[in-house]
Chemist: 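Below you will find the structure I want to go over with you.
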2 protein chains.
Amino acid sequence: MTLSPPSGRGLKPATIRDVARLAGVAPGTVSNVLTGRKLVAEPLRKAVLAAVAELDYRPNHLASSLRFGRTQSIGIVVPDLTNPFFSSFVQEIESLAAADRFQILLMSSQEDPEGEVDRIKALLARQVDGLIIAASRDDVAYGENSTFGGTPAVLVDRAFGAESFDTVATDNEAACRTGTAHLLELGHRDIAFLATDERLTNIKQRTAGYRQALADAGLPGRERIVYGGLTIETCRAAIEQELRRADRPTAIFASAYVATLGAAKAIRATDLAFPDDVSLLGFDDSDWMTVLRPYVSTIQQPIDHLANTAWRLLMRRIEQPTAAPLHEIVPCSLRPRESIRRLA
Amino acid sequence: MTLSPPSGRGLKPATIRDVARLAGVAPGTVSNVLTGRKLVAEPLRKAVLAAVAELDYRPNHLASSLRFGRTQSIGIVVPDLTNPFFSSFVQEIESLAAADRFQILLMSSQEDPEGEVDRIKALLARQVDGLIIAASRDDVAYGENSTFGGTPAVLVDRAFGAESFDTVATDNEAACRTGTAHLLELGHRDIAFLATDERLTNIKQRTAGYRQALADAGLPGRERIVYGGLTIETCRAAIEQELRRADRPTAIFASAYVATLGAAKAIRATDLAFPDDVSLLGFDDSDWMTVLRPYVSTIQQPIDHLANTAWRLLMRRIEQPTAAPLHEIVPCSLRPRESIRRLA
DNA sequence: GTGAAAGCGCTAACAA
DNA sequence: TTGTTAGCGCTTTCAC
C-alpha cells in the first residue's frame with residue numbers, strides 16, 4: 001500500500017501537453033486524434049488514446065473555444081420559467097441543442113426588462129454562438145442597430161420591434177380570431193377579452209384577432225378588453241372587477257397562460273362557476289387542464305414546432321450570418337373542451 | 001456620406017489591446033481599471049473608460065476565465081423541466097446565481113440516466129465552477145470516488161448514494177409520516193401510497209414515512225404501495241388498476257408531482273370523484289391546485305428554501321473545497337385543502 | 001503524416 | 001502606480 005495518489009489522479013488535471021509527452025507525440029497530433037479534423041496514422045492514434053485513458057484526460061473546452069472562435073453554446077432568455085409555456089420551450093430547445101452538441105446558458109428575466117439587457121450582455125461576454133430570446137419588452141433592441149454585436153439571435157414569441165432579426169411566433173391574430181369566433185358560434189355576445197400587457201407585440205396581435213372576429217360578426221361595438229398585467233394575481237383582480245358588474249360578460253377569453261389561471265381564480269372568487277355562470281376560453285395548454293373537471297378549453301400553441309423552428313433559424317443564421325432575416329409563423333389550434341357553455 | 005463603417009464598428013470586436021493602444025496605456029492597466037482588482041490613477045482611468053466607450057469594448061469572458069481559472073458559471077442538472085418543482089427550483093437558482101454574478105448552464109436529462117452522465121461530462125469540460133444536480137438515478141456517481149474530477153457539486157432532492165457530496169433535500173420521511181397520519185386522523189384505514197420509482201432515495205424515504213405512520217397507528221398490515229413510474233401516464237395506469245378493484249382504497253397518497261396528476265386522472269377515468277368517492281393527498285404545489293375545485297390537499301416542499309440552501313452549500317464548497325460535506329434537510333408542510341373527506 | 005511554434009484575449013508576475 | 005512579459009490550454013499554420 002502506498003500513500004502516493006493513484007496514477008492519473010494528480011492535483012492538476014492533465015493537459016494536452018501531458019498526453020502528448022506520455023504518448024511521445026506533439027500536442028497538435030493529440031488534437032488531431034481527438035477532434036478528428038486531420039488523419040493520424042494508426043499506431044500514433046492508439047498511443048494517444050492510451051495516454052488519454054491513462055491520464056483521464058478531458059479537453060478543456062474553454063481553451064478550445066478561445067482558440068477555435070466558437071463555444072458551441074447558445075444563450076436562451078425567457079421572461080418566466082414557472083410559466084409552463086416557457087419551461088416546455090426551454091426543455092425542447094435544450095434537447096435540440098444537446099443533439100447538436102450545443103449547451104445552453106439560461107436566463108430567466110422574471111419579466112424585468114432592466115435586468116434583461118444586463119443579462120444579455122453577460123451572455124454575449126461569454127461568447128455564446130447565438131441567442132434565443134423571448135424578450136420581456138418589445139424594445140429589447142440591444143445597441144443601435146439591434147445586432148447584439150454581431151451575435152446571431154432569433155426572437156421568439158414576442159418582441160418583434162426589430163425587423164432585422166429572425167423571428168418565430170405563433171399566428172396570434174388568427175388564433176384569437178378563431179377563439180372568439182368559437183365563442184360567438186356558441187351564442188356568446190358579451191365576451192370579455194383578458195389580455196396581459198398591451199405593450200407586447202403578441203398581445204397586440206391577439207387583441208387584434210379578437211377585434212377582427214367581432215367586426216366580422218358585425219358586432220364591433222361589443223369590444224370589452226381588460227388588461228390584467230403579467231401575473232396571475234393582477235389578472236385575477238382585473239377580471240374579477242368585470243365579473244362583479246351587473247352587466248358581467250357571459251364569457252371570458254383569457255389570452256395568455258397567467259390570464260387563464262387568473263380568470264379561473266376570479267370566477268371562483270366571485271362564487272360563480274364555469275361553464276354554468278360564465279364560460280372560459282384559455283390560452284396555452286398544461287397537464288392540469290385535462291385533469292380536473294371541467295376540462296379547460298384553450299388555444300394551444302405548438303411548442304415543439306416553435307422550438308424546432310427557432311433552432312433551425314438559429315443554426316442557419318450561424319452558418320450564414322448575412323442571410324436575409326426570416327419571419328416564421330406557426331399556427332395554433334383550438335382545443336374545445338368543457339369550459340364553454342352553449343347559450344340559448 | 002462615407003462608405004466606411006462608423007467608428008468602433010469594425011468587423012472584429014475590439015480587444016483589450018485595442019483599448020490599451022487608444023488610451024495610451026498597457027493592457028494590464030485596462031484590466032485593472034475594468035476588474036477593479038488594482039487601483040489606477042484617475043487620469044488614466046478616465047482615458048481607459050473613454051477608450052472602452054469609444055470602441056464599444058466588451059471583455060471576452062472566455063479568455064478571462066482561461067487565464068483566471070474560474071468561469072463564474074455553474075451547471076445545473078434536472079430530470080424534467082416541465083415538472084413545476086424543478087422549473088421553479090431552476091428559476092430560484094438562476095436568480096441567486098445572477099445576484100452573485102454567476103451564470104448557469106442548464107441540462108434537462110429528461111429522466112434518462114445514460115444521457116445524464118454524458119451531459120455532466122460536457123458541463124465539466126466547460127470548466128464550470130460547480131454543479132447542482134437533481135440526478136435521475138442514485139448511481140449518478142461520476143468517476144470512482146464520485147468527485148466529478150474535483151469540481152464542487154451539491155446533490156439536490158434525490159440521489160444521495162455518495163456521502164462525500166454536500167446534499168440538500170426535504171424531510172421526505174417526516175413529510176409522508178405527517179401526510180399519512182393526516183389521512184389516518186380523518187378516518188382512512190385503506191390508503192394506497194402511489195410512488196414513482198423505488199430506486200430513488202427520496203422515494204424510498206417517502207415510502208418509509210408512510211410505513212412508519214401505519215406502524216405508529218398499529219396498522220402495519222394495511223400497507224398498499226403502488227409504483228407508477230416517472231410519468232403522469234404510467235402513474236395513472238398503475239393507480240387506476242387499484243381503483244378498479246372491489247376493495248379499492250378510500251384514499252390515495254400521491255407522493256410526487258406526476259403521481260398527483262396521475263391519480264387525479266385515474267379518479268376521473270374510473271368515473272369516481274374526489275373527495276366523495278376517494279380522497280386524494282398530493283405532493284408538491286402548483287398554481288392550479290388552488291384554482292379548480294376541489295382544491296388539492298398536498299405536501300408542499302419549500303422550493304426557495306431548498307434553492308437557497310443549495311446555493312449556499314455550493315458557494316461554501318467553492319471557497320473551501322476540502323470542508324467536510326454537509327447534509328441539509330429542510331421541512332415540508334402539509335397544506336390541507338378540499339380533496340380529503342372525513343370518514344365516519 | 002508529423003512536429004515546432006505562434007497566438008486566441010486575458011491577467012498575474014515581476015520590473016521599472 | 002504603470003509597463004513588460006509570460007502563459008492559461010488549445011488549435012492551426014507552416015515547414016519537414
Side-chain angles (χ1 to χ4, degrees), chain A residues 10-49 51-52 55-73 122 124-129 149-150, chain B residues 10-49 51-52 55-73 122 124-129 149-150:
Chain A
L11 293 133
K12 301 230 169 186
T15 74
I16 202 168
R17 253 188 268 273
D18 300 326
V19 176
R21 203 174 308 129
L22 182 61
V25 300
T29 304
V30 177
S31 173
N32 288 333
V33 169
L34 263 21
T35 62
R37 267 188 269 273
K38 265 191 178 173
L39 246 45
V40 175
E42 196 51 27
L44 284 201
R45 222 182 72 87
K46 275 192 170 162
V48 167
L49 261 16
V52 164
L55 298 173
D56 188 29
Y57 168 68
R58 255 123 359 110
N60 183 329
H61 194 275
L62 221 52
S64 153
S65 295
L66 180 60
R67 183 65 239 249
F68 191 58
R70 278 249 219 142
T71 56
Q72 289 287 114
S73 67
L124 258 19
R126 295 214 182 216
Q127 315 297 117
V128 292
D129 293 338
Chain B
L11 292 133
K12 303 229 168 184
T15 74
I16 203 169
R17 255 188 266 272
D18 299 326
V19 176
R21 202 174 309 130
L22 183 60
V25 301
T29 304
V30 178
S31 174
N32 288 333
V33 170
L34 263 21
T35 62
R37 266 188 270 271
K38 267 190 176 171
L39 246 44
V40 175
E42 195 53 24
L44 283 201
R45 221 183 72 85
K46 275 192 170 164
V48 166
L49 261 17
V52 165
L55 297 174
D56 188 27
Y57 168 68
R58 256 123 356 111
N60 183 330
H61 194 275
L62 221 53
S64 156
S65 297
L66 180 60
R67 181 67 241 248
F68 191 58
R70 277 248 220 144
T71 56
Q72 289 287 115
S73 66
L124 257 20
R126 294 211 184 218
Q127 315 298 116
V128 291
D129 293 337

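Residue numbers start from 1 in every chain, and the chains themselves are labelled A, B, ... in the order their sequence lines are given, proteins ahead of strands. These figures come from a predicted structure and were not determined experimentally.
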Chemist: Give the B/S/- string for nucleotides 10-16 of chain D, one per nucleotide from 5' to 3', where a protein heavy atom under 4.0 Å of the base yields B, of only the sugar-phosphate yields S, and otherwise -.
Modeler: BBBBB--

Chemist: Starting at atom CG of B:Leu34, determine the distance to atom C1' of C:dC10, rounded to an integer number of angstrom.
Modeler: 11 Å

Chemist: Please identify each residue that fulfils side chain to side chain donor-acceptor pair (under 3.5 Å) with B:Thr71, with sequence neighbours left out.
Modeler: B:Ser73, B:Asp129

Chemist: What is the separation between atom CZ on B:Arg21 and atom C1' on D:dT2, rounded to the nearest whole Å?
Modeler: 18 Å

Chemist: A:Leu55 and A:Leu22: which non-hydrogen atoms are nearest, and at how many Å?
Modeler: CG-CD2, 3.9 Å

Chemist: B:Gln127 has an atom CD; how far is it from atom P of D:dC8, in whole Å?
Modeler: 14 Å

Chemist: Between P on D:dG9 and CG on B:Leu62, what's the gap in Å once rounded to a whole number?
Modeler: 14 Å

Chemist: Show me the donor-acceptor pairs within less than 3.5 Å that the side chains of residues 28-45 of chain B make with the rest of the protein, sequence neighbours left out.
Modeler:
residue : atom : partner : partner atom : Å
B:Asn32 : ND2  : B:Gly28 : O            : 3.3
B:Thr35 : OG1  : B:Ser31 : O            : 2.9
B:Thr35 : OG1  : B:Arg37 : N            : 3.3
B:Glu42 : OE1  : B:Arg45 : NE           : 3.2

Chemist: In chain order, what residues pass the side chain to side chain donor-acceptor pair (under 3.5 Å) check against A:Arg70, with sequence neighbours excluded?
Modeler: A:Gln72

Chemist: Can you name the side chain to side chain contact (heavy atoms under 4.5 Å, CB included) partners of A:Ala23, sequence neighbours left out?
Modeler: A:Val25, A:Ala47, A:Val48, A:Ala51

Chemist: Which residues pass the side chain to side chain donor-acceptor pair (under 3.5 Å) test with A:Ser65, sequence neighbours left out?
Modeler: A:His61

Chemist: Please list, chain by chain and in numerical order, all residues satisfying side chain to side chain donor-acceptor pair (under 3.5 Å) with A:Gln127, sequence neighbours excluded.
Modeler: none

Chemist: Rounding to an integer number of Å, can you tell me how far A:Lys12 NZ sits from D:dC8 C1'?
Modeler: 10 Å

Chemist: Look at all strands and tell whether A:Leu44 reaches a base, only sugar-phosphate, or nothing, counting heavy atoms closer than 4.0 Å.
Modeler: sugar-phosphate

Chemist: Test of understanding: with salt bridge (Lys or Arg N to Asp or Glu O under 4.0 Å), list the residues that count as partners of A:Arg17, not counting sequence neighbours.
Modeler: none

Chemist: How sharply is the helix from C:dG1-D:dC16 to C:dA16-D:dT1 bent, taking the axes over five pairs at either end and rounding to 10 degrees?
Modeler: 40°

